[in-house]
Amino acid sequence: MEEIVKKYIYEIKPVYKILAFFFFGFLWALANVGYSVALLTWFAFVPFLFLIKYENMKRGVLLSFIFGFTVYIFNLWWMMNPFLAYFDLNNQFLTGLALGLLVVCGLSAYFGFSYSLIFLISRFITYRKNKKLFYLVVPVVYTVVDYFYPKLWADQLGYSQYVFFHFSQVADIFGVSFISLLIVFSNCAIIDLIEAIWYKKNVFKHGAMFVVVIALVISSSIYGIFRYRNILEKIEQSEKVKVGLVQGNLTGFDKMTIPNSFTIDKYNRLAEELLEEDLDIMVWPETVIPATYSSAKMDFSNVKKFKKFPLLFGTHIVEEHEDGDDEYYNSLVLLSENQQKLDSYYKMQLLPFIEDMPLDFILGPVLQLYSAGEFSRGKDYKLLHLDKMKIAANICYEALFANHIRKSLSVGEERANILINATNDSWYGRSIEPMMHLHIAGMRAIENRIFLVRSTCTGHSAVFNAAGELINPTNQKSKEWFEKQGENLIKKAEKLISLSSQTAQTLLLKEKELIISLKQKEKFNKEELVKTFQFLDEFSRQILINYPEYKTEAKRISKYKERLINFLIKIDSKSEVNLENLVLDRVLNINKYISRIEKKSKGLRKTGKNLTNLRESDLDQYISPLFFEDTTVYQAALMEDETIFNLGGWIFIYILAIGLLINLIIIFVVRFYKIQAKRRAIKEIQERRKIIQLWLD
């Protein structure tokens, strides 16, 4: 029966196989971190395993690649957002689309090859006589490749299980890799049991792996329940601090188009809402102030305009050297109540291709053409001391790396008692990336049994307790909070609609005045025109400062205004060109973008009304798609719990990797000697044949 199935699968037309692996890749993408349809993860790999097992080496590599490519296309599509947004600012949307597609497809192809590698190694180990071991080998190979394969976002399969809260507690023993191993074993056990029933094999023998997986999952969950209760008891006994988070809801692109003074004023205004709180520290996000300060600067009164409590905020620091070879760092700066610099932290794990260029000798000159440059890498782990707090600070991308966080918690003889992460997820918009980053960060709290404070520019600012549990994260609020946000949105929308309407009406009057003047062959001078269209400058400025989400429309209004002025300045009164139509064309372009703002504002008003009328059951749908500016106060416990993960759990993946490597070496050596022995035997037979042939001749 198995041979019949194998033959049937082998003879399926390639186009159908490609479509099948594309669909299975889509399902597997949903099961991974980001979408985190966590239950799907435990069986969605089954179709891939079943079909790939019967393929030859050449087809298997290709189909595995198609599967992996599809997985990452659906997992990394959000990487297009920065390109689309940046180039759209310069009216080059198609260029941004092309570059975004190129980057997403290129990275998906590179990461997708990891599945081809998994297939190649698994097939090499289970070649011929060892085919029965395929479903035992794949989980180990998958886990090792999943961990060690160089990935931009360090994503692993096990992160998808963060949502199964009690089960994921086992990460403090064996890390995320153990969870990945269990998941793939589950998929292998399911298909192995199905095949045993279908092919009428020994069900009890083949069902053993399934029973082992179930036992491990149940025992891990039981451990998680007891460990969770144990951690809660320790939290109750620990000293507490009050932390204030401010989320200004300004993206990286917003900060490129509005002055730093506006950003500073906005964050200080939001901070004022917490002045009545007795905070131990306030935290602002990564690069909240996109300016560069000298490392020697001590007075930050232009940034922190309140004196009641300390502030930790993100910015850029330059270390100046006499030889002019200055170093720029993505940094966190800790300020005292009196606005004085206490300490700073420099980011150590830089984001490739954004903060650090792996191919600097090629891409460095390109960066210089665009007046861009890479950051220097922080050199030392350090703790920031503030009263009773020993803070292990990290910035954005660093939260993805378990070993980096583990090392950052212990510096010399000291161990951190709180972990603070400042993040900027705003480049990727309202995609799956913020939730993906949030879940990965949550695992750091579980592994190290420490409170993790997370401050973001947009998306999900939150605090994780030492059990990895989200404590009232931003965007997971009460009905009353949403009602308040809804009322704010309605006010914002009404004001913007009114402003747009007034501007459109004023423009209409000016349009009529222009046409009348043109018909009368009156000439214009630049000063009059600039004064005439001053209301458009004011409108654009208001939009850019107060409504940065509409910056594209505002910039285009300014652009068409400049075109209109330049056109009118160059008018030749004797020209026979239809001046009226030319003026109308430019005025209509301006009106088009004013109308677009007004239309978006009406949508904003509708959303606000929906929020004010929310039922409790509807709150969840607004967690991901809507980002709000917010101020939140959390209580965090100061904990220095030395976890099992720090003692040996991180070694788990290295034991698997070393075991797999030794196995591969042994198999390679054995097969090499077998091949050599076979060649010698063939050569000996050929020599004997020659001797016999000579004797016969």
Side-chain angles (χ1 to χ4, degrees), residues 241 243-248 250 252 255 260 263-264 267-268 271 279-300 302-304 309-319 327-337 339-351 354-356 375-387 389-401 404-405 407-409 411 414 416-426 437 441 444 450-458 461-463 634 636:
V241 291
V243 180
L245 299 186
V246 174
Q247 180 170 307
L250 292 174
K255 286 179 275 188
N260 286 339
T263 305
I264 292 171
Y267 270 86
N268 276 280
L279 298 182
D280 291 281
I281 188 172
M282 175 176 282
V283 184
W284 291 356
E286 177 194 14
T287 58
V288 64
I289 313 298
T292 301
Y293 296 95
S294 169
S295 59
K297 180 178 173 64
M298 296 302 294
D299 180 13
F300 283 85
N302 66 321
V303 174
K304 182 177 180 285
F309 33 71
L311 170 68
L312 183 68
F313 75 99
T315 189
H316 301 154
I317 296 290
V318 58
E319 294 273 4
E327 295 179 295
Y328 293 84
Y329 297 93
N330 188 351
S331 313
L332 290 178
V333 178
L334 179 62
L335 304 180
S336 69
E337 293 91 334
Q339 304 153 321
Q340 296 298 305
K341 178 182 173 184
L342 297 175
D343 207 342
S344 60
Y345 167 76
Y346 297 157
K347 189 174 183 180
M348 301 173 69
Q349 294 283 345
L350 302 179
L351 181 60
I354 303 297
E355 297 172 321
D356 178 46
F375 285 100
S376 297
R377 191 183 301 275
K379 300 173 181 62
D380 300 307
Y381 293 104
K382 68 188 300 187
L383 300 183
L384 306 180
H385 294 82
L386 183 65
D387 297 331
M389 284 184 278
K390 291 179 283 185
I391 303 167
N394 59 88
I395 301 174
C396 195
Y397 187 60
E398 295 179 317
L400 303 181
F401 299 95
H404 173 82
I405 298 300
K407 292 175 182 176
S408 73
L409 291 171
V411 179
E414 283 191 296
N417 54 22
I418 189 168
L419 184 62
I420 297 181
N421 171 260
T423 292
N424 182 6
D425 283 333
S426 68
H437 201 170
R444 303 291 85 88
I450 193 169
F451 269 68
L452 168 59
V453 176
R454 187 171 188 267
S455 177
T456 63
C457 295
T458 65
S461 294
V463 169
Y634 300 90

Legend entry - Any side-chain heavy-atom pair of Phe401 and Ser408 under 4.5 Å: no
Legend entry - For the student: nearest non-hydrogen atoms of Ala392 and Ala416, plus distance: CB-CB, 3.6 Å
Inset, instruction - With rounding to the nearest 0.5 Å, note down the distance linking CD1 in Ile281 to CG in Leu334. - result: 5.5 Å
Legend entry - Tyr328 side chain to His316 backbone, donor-acceptor under 3.5 Å: no
Legend entry - Rounded distance (nearest 0.5 Å) linking atom CZ of Phe313 with atom OG of Ser331: 9.5 Å
Legend entry - Ser461-Thr456 side chain donor-acceptor pair, cut-off 3.5 Å: yes
Inset, instruction - Please name all residues satisfying side-chain contact (heavy atoms from CB on, under 4.5 Å) with Asn260, sequence neighbours left out, ordered by chain then number. - result: Pro290, Ala291
Inset, instruction - Among Thr263, Thr315, Asn268, Ile289, find the residue that satisfies the side chain to side chain contact (heavy atoms under 4.5 Å, CB included) test when tested with Val303. - result: Ile289
Legend entry - Candidate pair Lys347 and Glu398, rule side-chain contact (heavy atoms from CB on, under 4.5 Å), full reasoning: CA-CA 8 Å; Lys347 189 174 183 180; Glu398 295 179 317; 3.7 Å; yes
Inset, instruction - Kindly state whether the ring of Phe300 and the ring of Tyr293 have centres lying under 6.0 angstrom apart. - result: yes
Inset, instruction - Nearest 0.5 Å please: distance from the CD1 atom of Ile450 over to the CD1 atom of Ile418. - result: 7.5 Å
Legend entry - Test item: His437 and Cys396 side chains (from C-beta on) under 4.5 Å apart, heavy atoms: yes
Legend entry - Atom pair CZ (Phe375) and CG (Leu350), whose distance is rounded to the nearest 0.5 Å: 8.5 Å
Legend entry - Main-chain N/O of Met348 paired to Arg377 side chain as donor or acceptor, under 3.5 Å: yes
Legend entry - Close side-chain approach of Gln340 and Asp299, heavy atoms under 4.5 Å: yes
Inset, instruction - Compare every heavy atom of Ala441 with every heavy atom of Leu452, then report the nearest pair and how far apart it is. - result: CD2-O, 3.2 Å
Inset, instruction - Output yes when a side-chain donor or acceptor of Lys390 lies under 3.5 Å from a complementary backbone atom of Leu409, and no otherwise. - result: no
Inset, instruction - Output the distance between atom CG (Leu342) and atom CG (Leu312), rounded to the nearest 0.5 Å. - result: 10.0 Å
Legend entry - Spacing of Asn421 atom CG and Asn394 atom CG [to the nearest 0.5 Å]: 4.5 Å
Inset, instruction - Could you go through the side-chain contact (heavy atoms from CB on, under 4.5 Å) check for Lys297 and Asn302 one step at a time? - result: CA-CA 12 Å; Lys297 180 178 173 64; Asn302 66 321; 4.1 Å; yes
Inset, instruction - Specify whether Tyr381 and His404 have parallel, tilted or perpendicular ring planes, treating 30° as the upper limit for parallel and 60° as the lower limit for perpendicular. - result: tilted
Legend entry - Residue among Asn330, Asn424, Thr423 satisfying side-chain hydrogen bond (donor to acceptor under 3.5 Å, both in side chains) with Glu286: Asn330
Legend entry - Heavy-atom pair of closest approach, residues Cys457 and Gln247: O-CG, 3.4 Å
Inset, instruction - For the residue pair Val333 and Leu335, establish whether any side-chain heavy-atom pair is separated by less than 4.5 Å. - result: yes
Legend entry - Test log, rule side-chain contact (heavy atoms from CB on, under 4.5 Å), inputs Asp343 and His385: CA-CA 8 Å; Asp343 207 342; His385 294 82; 5.7 Å; no
Inset, instruction - Would you indicate whether the side-chain heavy atoms of Lys382 and Val411 approach each other to under 4.5 Å? - result: no
Legend entry - Validation row: Val283, Val243 side chains within 4.5 angstrom (heavy atoms): yes
Legend entry - Aromatic ring pairing Tyr346/Tyr329, orientation class (parallel under 30°, perpendicular over 60°, tilted between): parallel
